Every structure is written in structure tokens, then in C-alpha cells.
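Report on the structure given below.
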Amino acid sequence: MTTAPPLDPYVFGWDPTPGIVSVWADRDGRALVWRREGERVVCERDRYRPWIFATTLADLAHLGPALAVEGASGGPGDGAASASHGSAAGSGSTAGSGSARAATITYRELDGSPTDYRFVVSAPTSRALERAIQDGAARRPGSGAAKERRREGYHRVGPVEQYLMGTGRTYFRGLVYDDLHRLQFDLETTSLDPARGRIFLVAVRDSRGLATTIEAPRPGDERRLIAELCALVRARDPDVVENHNLFGFDLPFLEARAAQLGVPLLLGRTGAPPLLGRYPEPPPDARRRRRTVRYTVAGRELIDTLEAVRRHDFVARDLPGHGLKDVARHFGIASPERTYVAGAEVYRTYLEQPDIVRRYALDDVAEVDGLSRRLLGAPFALAGMAPRRYEQLASAGPAMGILEPMLVRAYLHAGAALPYGAARGEEDLEGHAGGAVHLFATGVAEHVVKVDIASMYPSLMRAYKIGPACDSLGALLHIVSQLTTLRLGHKDALRTAPPGSLERGHHDAMQAAMKLLINSAYGYMAAGSMALFADRRAADEVTRRGREVLSQVVEALRARGMALLEADTDGVFFAAPLDWTEARERALVADVASELPDGIRLEYEGRYRAMLSHEVKNYALLTYDGTLIVRGVALRSSRSEPFGERFLRRALGATLIGDVPALQRAFRETVQALTERSLPAADVATRVRLTKTPEAYLAARGEHREAAYEALLAAGRDDWAPGERVRCYRANGANGANGKGYVWLPDENDEPSADATGSERSQDDRRDYDVDHYVRALVTSYAGRLRKAFAPEDFAQLFRTDRQGGLFDRPVEEIAPLWVRCAATTTLVATRPAPGDESPGSFMTKSPSGTGLEDANGHGQPLRKPSRESPKSFE
DNA sequence: GCCAACCGGGG
DNA sequence: GTGTACGGTTGGC
């Protein structure tokens with residue numbers, strides 16, 4: 001597709017073999033490589049020598065002459081660990097010349113200090129290698145189980161990783177996402193539990209035009225359904241199999257039913273172990289482990305879009321939930337004609353109107369395809385860099401799961417020893433100081449600007465050359481630098497690529513993948529003893545520089561008379577003078593940016609009409625187009641009663657525009673609605689998730705009663721399942737203690753429809769809630785979140801519920817929020833732009849008093865808090 | 001306030 | 001046998 005730059009071996013590996021779509025390696029040194037050539041896929045057999053990094057050869061001394069230096073006996077000397085170039089990758093030669101030396105264990109000494117992983121030891125099979133080490137470790141004096149000792153001093157990676165690291169190959173060279181043959185299947189079952197239900201339908205589609213269902217209307221058909229599903233997968237021969245919650249539902253269910261019916265799950269690619277494998281194996285003790293189970297099959301990559309969604313939301317935090325339907329709607333993937341059927345209704349619907357369920361299930365797999373396109377581009381791109389399987393990269397953590405294998409590959413390739421115990425002694429270091437967090441003022445500010453330091457930690461690493469001291473190759477810094485440069489190229493290409501084009505998708509995926517790695521480099525150094533190349537001192541140096549730069553930005557803004565609100569790690573909120581335009585704000589930011597060290601970029605992230613600053617990381621923002629954004633737990637209510645949520649949003653909106661009469665109206669109307677019971681009970685009910693079984697609750701009930709369970713019992717329900725969500729509310733005249741007087745409010749429908757409003761019809765008649773209780777909750781839990789916005793006496797007056805006009809009340813029109821304003825007398829003096837600065841103009845500010853915000857705030861409450869650690873996320 | 005248990009998501 | 005390591009929230013002490 002686009003021009004391929006020469007491969008940077010640290011970033012991409014070095015072997016140019018194109019089109020690899022799957023790799024399977026076993027512990028006997030066999031590797032199977034499937035390569036896509038257009039519409040066909042070829043399977044190539046290869047061999048590799050299983051290897052391991054070792055700090056010592058002591059455990060192998062007992063081998064005597066059976067232990068040899070790699071290549072010492074002449075011959076090609078191409079143990080897989082040697083950096084064999086080219087696509088031959090040890091095939092043929094190792095196998096051919098191997099028989100005489102097949103039993104031989106060989107080693108290669110690497111450059112490094114005596115305490116490092118200074119040897120790569122390899123053998124014809126993993127078994128032989130591990131056996132030899134085990135035997136040696138058993139002879140070694142010392143306490144502890146031999147198994148423990150076998151681990152100490154060695155660094156192991158999985159078979160596929162060994163193969164990819166040894167050869168320098170990666171997946172997907174020369175391919176774009178749409179070249180992959182992806183297949184989605186989705187089971188429809190009569191129950192969530194395979195012990196109590198069965199599969200009655202499966203929808204299957206793929207990226208080559210397939211869209212069908214396989215059905216088993218009668219229980220006796222299920223065996224055939226499973227066999228047909230497997231046969232269809234094998235016939236279509238996809239590279240990738242996908243579904244939402246594939247590992248959590250479809251595969252476990254399929255596995256259980258296939259076992260029950262005695263059908264083998266033949267899903268693998270021809271020429272390889274055909275069966276679906278599961279790992280880790282279920283522990284023998286049948287204790288119900290709810291652990292993440294994963295599956296794998298030779299020749300195909302199994303992708304669970306739920307994992308991709310979780311990963312996306314970890315950064316974006318913008319999803320309403322992680323369910324397929326929610327997410328598809330959120331990304332605009334759901335078609336307008338989408339058929340929805342509530343989970344519990346699916347089978348019943350199928351019996352009556354099978355077409356509806358067919359459409360529903362086919363819509364499901366179509367949405368999975370859409371999600372895959374949307375979310376798996378970055379993992380696809382990563383698979384072209386890191387020496388791991390695509391399916392692993394789709395869920396691996398970016399630091400330990402991706403960066404570290406890249407580093408290990410670099411060291412193996414360079415013949416350099418891996419550092420051992422790099423993190424030792426770090427326990428003595430003083431507590432790790434992270435990013436700085438400051439709260440400068442609480443109250444309400446207008447004309448708020450957010451600036452942030454772009455990719456702060458990686459930029460600092462580059463600017464000050466801060467990498468792990470133990471990284472003798474400088475590989476981490478090299479990778480960060482390369483990726484930063486390459487990413488800019490992809491971002492440029494992205495801008496010029498036609499919208500919706502393949503090319504655009506490619507560049508976007510590449511830049512996203514690179515960003516992920518760049519941003520994880522700092523976290524990797526700070527990862528502690530788990531990471532081979534951990535370096536707390538280096539990580540501390542990065543955060544120290546970060547605090548330095550942040551305070552430089554803060555002081556620069558302060559000196560220019562801006563009203564500081566809060567600063568967190570790499571970003572600052574401040575209020576600009578009320579008469580400023582966006583251009584002026586941007587000019588100010590550019591001016592501050594110009595003073596920062598080389599390689600550190602300050603960005604104008606956005607502007608807001610107003611902000612309520614409550615606590616560090618707890619604030620509400622009002623955008624210029626009227627959207628309310630609430631951040632932080634302190635401003636959200638944990639109670640989540642609908643009436644309170646509605647009030648809070650209204651109240652925040654009014655407060656942010658300084659409309660105190662509107663705020664008062666919102667409050668009074670809510671109080672009135674409660675008092676007059678014009679709100680239905682559903683509006684005051686809270687949703688609780690049950691965690692205890694009926695037995696467990698009844699046993700503990702003597703000491704401790706809980707509202708939700710009491711509500712169920714009072715309603716005559718003595719059976720429920722943990723995990724069920726129930727609504728309940730406090731009823732009129734209840735004494736409330738220990739859950740007495742709570743009433744269960746059954747859900748009237750389970751529809752996943754987007755219909756969020758007007759869904760309370762059937763509950764309209766219930767009004768017997770405890771008015772006093774909910775009025776109190778309104779004041780303390782909801783209105784209380786506005787406390788920082790007003791002076792105490794104003795707050796008290798606004799949210800008094802006795803309805804008596806206070807004797808000393810001020811007219812509400814005179815009450816104002818505690819404004820946080822910047823120095824009113826700030827004047828601007830235009831200056832000449834700095835040479836080479838294309839920005840339209842920079843400004844210097846002159847603040848006559850030279851003060852910061854403290855004495856400039858009318859009412860705002862300036863304060864300072866000590867720095868605290870903060871999580872790091874960038875851009 | 002801290003730690004352990006639990007949930008998510010799927011029909 | 002493709003190890004160790006999901007991460008955020010809740011609730012119990």
C-alpha cells in the first residue's frame with residue numbers, strides 16, 4: 001500500500017517476510033506460519049531452537065560435553081537465538097544438520113555484566129531444555145522447592161514469541177486491515193448457563209460476504225449445529241474469528257455443549273492441531289474460578305471485541321457501558337433498522353417469530369464487524385511491530401505486554417545481556433512522587449481555558465534523554481524517538497488521506513498504536529520489579545522534570561494575571577479576562593509555550609464558558625455550546641436517584657451561568673414535587689446490585705439488615721440471584737433503620753431499547769415514598785455538591801427547606817456564586833512575534849500589581865494543596 | 001480508611 | 001502449560 005520505510009529493527013523486527021496472518025509454535029521446535037497471498041493462504045513449516053535467557057550456566061554443568069557453545073562445532077551455527085537474518089529463519093539448515101547435535105544443548109554468551117542474563121541457552125526442544133535445567137536446579141544446594149529454583153535466574157518467553165524474536169518476523173507485513181479475512185459468529189442460547197440451556201441458533205458472517213444462520217429448533221439438532229459451525233469455519237478458512245464476549249460467553253458455552261454432546265471442536269487450520277484450546281487449563285479443584293479464561297486455536301486469531309472495548313474505554317472513558325448494543329450505538333455503527341430482542345426473550349421470540357431472531361443475531365455479528373473495524377486497527381498495527389501474536393496484542397498491556405517483548409527482541413538480536421534485578425534496591429527509594437496536583441481556587445469561573453503539555457512524559461524522556469540506566473542499548477529511548485517521529489508522519493498522512501479510505505484507516509491505526517506505546521514507556525520504567533528494564537530513579541527523574549515544567553507553566557500564567565484554578569500533572573485550568581477572545585487566549589498560550597524547554601510543547605486544549613471548581617479533579621464545565629461536563633466522584637452522586645440527578649444537572653447549569661434565581665427555582669420545584677408527590681416512586685428509587693444469596697443474607701440478617709434485601713423479603717420475594725439489580729425506595733413513614741420500610745420496585749421492562757424517557761408508565765401509581773427523607777437527601781447529597789460555589793450564608797439561604805422567608809434574607813437576585821476572576825486590571829501589550837514564530841502575534845501581559853489571583857478574587861477561595869500522585873494520561 | 005470480594009458481559 | 005499480572009467499585013471491618 002503506502003511506501004514502506006526501511007524497517008527499524010527495534011521497532012519492527014527485521015525480517016521482511018510479508019503477509020503472515022498467524023503463527024503457531026510448539027515446544028518441540030516446530031513452527032507453522034500462515035501467510036496470506038491475496039486470497040490464498042499458504043502454510044509454511046519452519047523450525048526454531050527453543051531458547052531461554054539465563055544468568056548462569058551452573059545448572060547445566062552436569063551436562064558435561066553435552067553442553068556446547070553455539071556454533072563451536074562448525075556448521076551453520078544457526079541456533080534460533082542467533083540473529084539469523086532473512087526469511088530462511090533457520091528452516092532447513094537447523095533441522096538438516098541437527099540430528100547429530102540434536103541432543104546437544106548449546107549456549108551463547110552475551111555482552112553484559114556477570115549478574116545479567118548473560119546467556120542464551122537453546123536446545124532442540126523446550127522439554128530437553130527445561131529437563132536439563134530442572135536436573136541441575138535439583139542438585140543445587142539451597143532451600144525451597146526445586147520448582148522455585150528452576151525459575152530463579154531465567155527469563156522465559158512463550159514459543160511463538162521465541163520464534164518471532166529469533167527470526168525478526170512479525171505479523172501482517174504489507175497487509176492492511178481489510179486484507180484480513182475475519183469471521184464473526186454469535187450463539188443464541190436458551191439460557192446463559194450451558195448446564196441449563198443449549199444453543200438453538202448461531203449467526204455467522206465474514207468479511208468476504210457470508211451472512212447466514214445455522215439453526216437447531218429441536219434439542220436433538222444441537223450436535224449437528226455445532227458440527228456445521230465448525231465445518232463452516234474450516235470451509236471459509238478465516239484468519240480471525242471475532243465476537244463480543246467471545247472468551248466470556250460464546251466459547252465457554254460452545255465448549256461446554258460440545259463436551260456434553262461429544263462433538264470435537266475442530267476449528268483450527270489444516271495442517272495444525274485442530275482443536276480449540278483453553279488456557280489456563282481449568283484448575284483441577286472445581287472451585288469456581290471466575291478468572292479470565294482465554295482460548296486459542298492454531299492458525300486463527302481469536303478476538304474478543306469486549307476486550308477491545310474495555311481497552312478503548314480505559315483511555316476514552318466515554319462509554320455508557322461495554323455491552324455490544326450500547327457500544328455500537330455510541331460509535332454510530334448500529335443501523336437504524338437494527339432489530340433488538342431482550343436477552344431473556346430471545347428463545348421465546350424464536351419459537352414464535354424466528355425471523356426476528358435471525359435478523360437480531362445477524363445484526364449482532366454485523367455490529368461486531370463494525371466494532372472490530374473501529375477498535376482493532378491499533379492492535380493490528382502493533383502486530384506489525386511487536387513479536388507477539390495479534391490476538392495477544394489485542395489484549396496485552398502496552399508496557400509489559402508489548403514494549404518489553406520489543407526490548408527483549410532487540411537485546412537478543414544485538415547479542416546483549418538482559419539486565420537482571422534492575423529494580424533491586426528500589427525498595428529503599430523514597431516514596432515515588434508522581435505528577436503535581438494543585439487546587440488553586442474553588443468557586444465558579446468564567447472564560448476558562450485548559451492547556452496541557454503534549455505527551456509530557458515521553459517528551460521529557462526524549463528532551464532530557466531519560467531512559468532506564470540498565471538499558472545498555474538505549475533501546476527504550478530509541479523506540480520512543482522512532483515512534484514519535486514515525487507517528488508524526490502518519491498523522492500528516494492522515495490529514496491528507498481521503499476520508500473513509502483504506503489509507504486513512506491505516507495511518508490512523510498506525511498513529512494510534514504508536515501513541516499507545518509512546519505513552520506506556522514512562523509507566524514501564526516505573527513498573528517495579530515486574531519489568532526487566534524498570535528504573536525507578538529514571539521514572540522519578542521524569543516526574544520531577546514534569547513537576548518542574550508544570551510549575552513553570554503555572555507561574556507563567558500567574559505572572560500574566562490569569563486566575564489559576566487547578567493543575568494536574570500535565571494540564572492547567574485557568575480563567576482569562578472576561579473580554580478576551582479565543583485568539584487572545586491562544587496567543588497567550590503560545591507566548592507561555594515559547595518559554596518552555598526545547599522538545600516540550602504546550603497546547604491549547606480548549607476553552608469553556610464556565611467551570612465550577614470543587615476539589616482537585618472534581619469540577620463541572622460548561623462548554624460554549626451549552627454542554628455540561630462533570631468530572632470526579634465528588635460532583636457525581638453515588639446515590640443516583642433520578643430526581644436528584646436531574647436536579648443536580650439543572651442546578652449546575654444554572655450556577656455555572658450565575659443564574660441564582662434559576663437555581664433557586666430548580667431547588668424549590670424539586671422540593672415541591674417531592675412534597676406533593678407529583679414524582680413517581682421510580683424517580684426516587686435507587687438501583688442496587690444484590691451480592692448475597694438468599695441463604696447468606698438470611699444468615700446475616702440478625703446483625704445487619706440491608707434495604708434492598710428487606711425490600712424484596714417484604715414483597716414476598718425470598719429467591720433471587722446474586723448480581724441481580726433491583727430498585728427500591730424508602731416508603732412513607734418508615735423508621736428507615738436497618739432497611740425497614742424499603743419497598744421493592746420491580747423493573748417493568750428489560751428492553752435494551754434506547755428509550756430512556758417515559759418508561760415509567762406502569763409505576764405511575766406508586767407515590768408512597770418518604771418525603772422528608774428524600775428532601776433531606778436533596779439538600780445534603782445533591783445541593784451539597786454546590787457548597788463550594790457559594791458563601792456559607794448564601795448556601796444556607798438558598799437551600800433552606802423550612803420555607804419561611806428568613807428575616808435576614810437577601811433578595812435572591814443579589815446572591816452571586818463565589819466568582820473566581822482574574823486580575824481585572826490586566827492589560828495587554830502586543831509585542832513583535834519571535835523570529836520564526838508564525839503565530840499571528842504574541843502578547844506580553846502587564847499586571848500592574850504583579851499579583852497572582854489571590855488578591856484579585858472577589859470571593860473565590862484561593863488555596864493550595866500539597867502535590868499528590870496522579871495517574872498519568874496524555875494527549 | 002483500608003483491604004477483599006465482586007463485577008463486567010453474554011442468552 | 002503458551003504461567004505469575006484485569007481494573008474499577010463496593011462493602012465489610
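Chain identifiers are assigned alphabetically (A, B, ...) following the order of the sequence lines, protein sequences preceding nucleic acid strands; residue numbering begins at 1 within each chain. Remember, predicted model here, so these are calculated numbers, not experimental data.
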Closest to side chain of [X], choosing from [options]:
X	options	result
A/Leu306	B/dG9, C/dG1, B/dG11	B/dG9
A/Thr189	B/dG10, B/dG11, C/dT2	B/dG11
A/Pro159	B/dG11, C/dG1, B/dG9	C/dG1
A/Arg27	B/dG9, C/dG1, C/dA5	C/dG1
A/His322	C/dG1, B/dG9, B/dG10	B/dG9
A/His244	B/dG9, C/dG1, B/dG11	B/dG9
A/Asn245	C/dA5, C/dT2, B/dG10	B/dG10

Measure the distance from [atom1] on [X] to [atom2] on [N] and round it to the nearest whole Å.
X	N	atom1	atom2	value
A/Glu367	B/dG10	CD	P	11 Å
A/Arg388	C/dG3	CZ	P	8 Å
A/Glu307	C/dC6	CD	P	10 Å
A/Asp28	C/dT2	CG	P	14 Å
A/Trp24	C/dG1	CH2	P	12 Å
A/Tyr48	C/dT2	OH	P	13 Å
A/Glu161	C/dG3	CD	C1'	12 Å
A/Ile199	B/dG10	CD1	C1'	13 Å

| remark: Separation between OH (A/Tyr340) and CZ (A/Arg329), nearest 0.5 Å, reads 4.0 Å

Classify [X] by what it touches in the nucleic acid, base, sugar-phosphate, or nothing, heavy-atom distance under 4.0 Å.
X	result
A/Asp193	nothing
A/Leu324	sugar-phosphate
A/Asp313	nothing
A/Gly321	sugar-phosphate

| A/Asp364 and side-chain contact (heavy atoms from CB on, under 4.5 Å): which partner among A/Gln184, A/Glu188, A/Arg359, A/Arg205? | A/Glu188

| said: Suppose we screen for ring-ring contact (aromatic ring centres under 6.0 Å, His included). Which residues come up paired with A/Tyr390, at least two apart in sequence or across chains? | reply: A/Phe172

| message | Between A/Ser122 (side chain only) and A/Trp51 (backbone N and O only), is there a donor and an acceptor less than 3.5 Å apart? | response | no

| said: Taking A/Arg30's backbone N and O only, do any of them form a donor-acceptor pair with A/Asp28's side chain (distance below 3.5 Å, no angle check)? | reply: no

| field | From A/Arg257, A/Gln260, A/Arg198, residue fulfilling side-chain hydrogen bond (donor to acceptor under 3.5 Å, both in side chains) relative to A/Glu222 | value | A/Arg257

| query | Checking side-chain hydrogen bond (donor to acceptor under 3.5 Å, both in side chains) against A/Glu307, which of A/His322, A/His312, A/Arg294 comes through? | reply | A/Arg294

| field | Any side-chain heavy-atom pair of A/Phe53 and A/Leu412 under 4.5 Å | value | yes

| query | Expressed as a whole number of Å, how far does the P atom of C/dT9 sit from that of B/dG9? | reply | 13 Å

| Interatomic distance at P, C/dA5 relative to B/dA5, whole Å | 15 Å

| request: Would you write the dot-bracket representation of DNA chain B, where each base gets (, ), [, ], | or . depending on whether it forms a Watson-Crick or G-U pair under 3.5 Å and with which partner? | output: ||||||||...

